[in-house]
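Counting starts at 1 for both ligands and their atoms, following the listed order. Bear in mind that the values here come from a model prediction, so they are computed numbers and not experimental data.
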Amino acid sequence: MKALIVLVLCLQLHRISAAERCQLHHKGENRQFPEDFAFGVSTAAYQIEGGWNVDGKGLSIWDTYTHAHPERILDRTNGDEAAESYHRFEQDLAALKALKVKFYRFSFSWPRLLPNADTTVINQKGIDYYNNIIDKLLANDIEPMVTMFHCDLPEALNKFGGFTNDIIIKYFRFYADFLYKTFGDRVKKWITFNEPFDYCVLGYGRAYFPPLVHSPGVADYLCMDNTLRAHAAAYRSYKAKYFKRQGGKIGITISSRFYYTQRGDKHTIERAMQYSLGWLANPIYSKSGNYPQLVLDDIGNNSLREGLAWSRLPPFSEFWTKIIRGSGDFLGLNYYTSRYAELSQPPIGEVPSWEFDSQLEYTVDEKWKQGNSNWLYCVPQGLEDILKWIRDRYDNVEVFVTENGWSDYGALEDTDRIDFLQAHLQAVLNAINDGCNVTHYSHWSLIDNFEWNMGYTQKYGLYYLNLTSPHKERIAKMSAHYYRTVIESKKYYRY
Ligand code: NOJ
């Protein structure tokens with residue numbers, strides 16, 4: 001009996017320590033990634049560039065927002081200087097070379113290139129800046145992977161509704177056309193939008209991000225609707241006009257958690273997944289196209305109940321369903337964390353809102369280790385499971401993991417980040433071994449940077465950024481050395 005108690009205690013302790021160290025239980029002995037698997041790192045323009053008002057750059061909503069509302073940023077900072085990558089790309093390049101990454105995912109600042117958002121003014125200095133990045137990357141055998149839009153909407157567009165005005169479809173199509181024409185001879189991997197759910201729900205639903213619109217269940221849905229159409233319009237024009245000559249791939253990056261359930265059943269998981277990943281992925285990657293039926297039905301019914309004569313989320317017309325369906329050569333996935341989901345009866349949240357429509361409540365497991373972001377818990381199993389979910393729902397579409405990362409306080413001996421990285425690489429490998437078509441993994445982020453409303457208080461970099469030094473040195477953390485070893489050997493190590 002005593003022995004049994006000891007055994008149970010040991011097992012319990014083992015479980016807890018695995019969670020504390022943020023590990024995934026090992027499956028099989030294969031630690032080798034396929035030969036052509038590509039490792040990279042990610043950044044985004046507003047979070048690293050600085051140079052917010054130099055050389056003809058126009059304003060983005062993040063410039064105006066951080067200037068008008070310093071109190072909304074935890075350390076009252078902004079991206080005016082950030083990592084100064086606008087003036088210090090050479091330092092970023094040195095870090096990229098040291099890591100031996102195969103590709104670098106970075107974003108173009110739309111207002112740096114087109115300060116008025118349209119093609120009335122084309123900023124040559126902006127073109128020069130990105131040309132230099134692309135050329136130097138290629139000269140060093142690092143492939144550029146470009147995000148066309150990563151939160152920094154031109155203020156010019158915000159003046160008349162931003163993502164809630166469907167004229168953004170036209171603006172984005174012309175912006176994309178300009179990008180293909182100017183950079184498409186060398187850029188072969190394009191991501192139209194980064195994390196639409198986040199900039200829509202936080203920017204137009206909850207008024208947490210700019211443009212600070214509080215219109216949950218309406219403007220945020222409109223934003224996602226227009227994003228999907230703008231994405232597809234840009235995809236179709238590439239295929240019609242540029243693909244033959246340039247031969248690149250285009251996708252969109254969607255953020256999602258995976259969901260588990262304690263009290264519910266598999267329908268609860270399905271519901272939670274359709275209200276997150278499925279909302280944006282179903283229209284593009286499913287056979288049927290359009291929004292998930294479950295989501296359409298809920299929101300249609302709720303809208304009628306609320307006294308509306310139309311649904312707050314109408315299905316796409318036949319025309320748009322066709323244009324959007326199949327408009328992705330790969331699915332970009334940003335995966336950071338997972339949740340437990342349970343049905344909430346009665347539904348929680350404002351009426352209307354995404355929370356209310358989805359009828360779900362989310363919790364975390366106390367065993368999940370927490371990072372230095374209040375929403376970030378280490379759940380590597382979720383990455384394996386979401387990849388399998390994508391494989392089964394969307395005909396095993398090619399997946400690029402475009403972001404995955406861990407926040408801390410900036411220590412150089414970042415063993416927690418190594419644990420996180422190692423466990424998530426294992427999750428990717430497990431998924432590949434189970435037939436998932438994952439070909440790229442990109443870690444967020446190359447360097448510590450401006451973490452939106454959290455300012456510089458949460459560090460995600462493989463490289464430490466000395467913010468107070470005049471030279472803004474990038475200093476390799478222990479995780480950078482670890483990642484380089486993985487990249488060189490295509491094998492992940494137990495740390
Ligand atoms: C995803 C976003 O794309 C990126 O901008 C952000 O810094 C990371 N998540 C971490 O929150």
For ligand 1, which atoms sit closer than 4.0 Å to a heavy atom of [X]?
X    : result
E451 : 6 (C), 7 (O), 10 (C), 11 (O)
H150 : 2 (C), 3 (O), 4 (C), 5 (O)
N194 : 3 (O)
Q47  : 4 (C), 5 (O), 6 (C), 7 (O)
N334 : 3 (O)
E195 : 1 (C), 2 (C), 3 (O)
W452 : 4 (C), 5 (O), 6 (C), 7 (O)

Considering only the protein, which heavy-atom contact is closest to atom 1 (C) of ligand 1, and what is its distance?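 Result for atom 1 (C) of ligand 1: E403 OE1, 2.9 Å.
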
Protein heavy-atom partner closest to atom 8 (C) of ligand 1 - residue, atom, separation in Å: Y336 OH, 3.4 Å

Pairs of donor and acceptor atoms involving the side chains of residues 162-173, under 3.5 Å and at least two apart or interchain, shall be tabulated with distances.
residue : atom : partner : partner atom : Å
T164    : OG1  : G161    : O            : 2.6
N165    : OD1  : I167    : N            : 3.0
N165    : ND2  : F160    : O            : 3.1

Determine, using heavy atoms of W375 and all atoms of ligand 1, whether some pair is separated by less than 4.0 Å. yes

Given the side-chain rings of F316 and Y291, with only the six-membered ring counted for Trp, is the space between their centroids under 6.0 Å?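 Yes: the rings meet the under 6.0 Å criterion.
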
Verify salt bridge (charged side-chain N to carboxylate O under 4.0 Å, His left out) between D92 and R88, making sure each step is shown before the conclusion. CA-CA 7 Å; D92 292 344; R88 297 179 182 277; over 6 Å; no

Is the positively charged end of R112 above the ring of Y129, judged by distance under 6.0 angstrom from the centroid and angle within 45° of the axis? yes

Give a yes/no verdict on a cation-pi contact between R325 and Y285, requiring under 6.0 Å between NZ or CZ and the six-membered ring centre and an angle within 45° of the axis.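 Pair R325/Y285 does not count as cation-pi.
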
Check the pair C22, D416 against side chain to side chain contact (heavy atoms under 4.5 Å, CB included), reporting the backbone distance first and the verdict last. CA-CA 8 Å; C22 177; D416 289 350; over 6 Å; no

For H424, check side chain to side chain donor-acceptor pair (under 3.5 Å) against everything at least two apart and list the hits.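 H424: no side chain to side chain donor-acceptor pair (under 3.5 Å) contacts found.
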
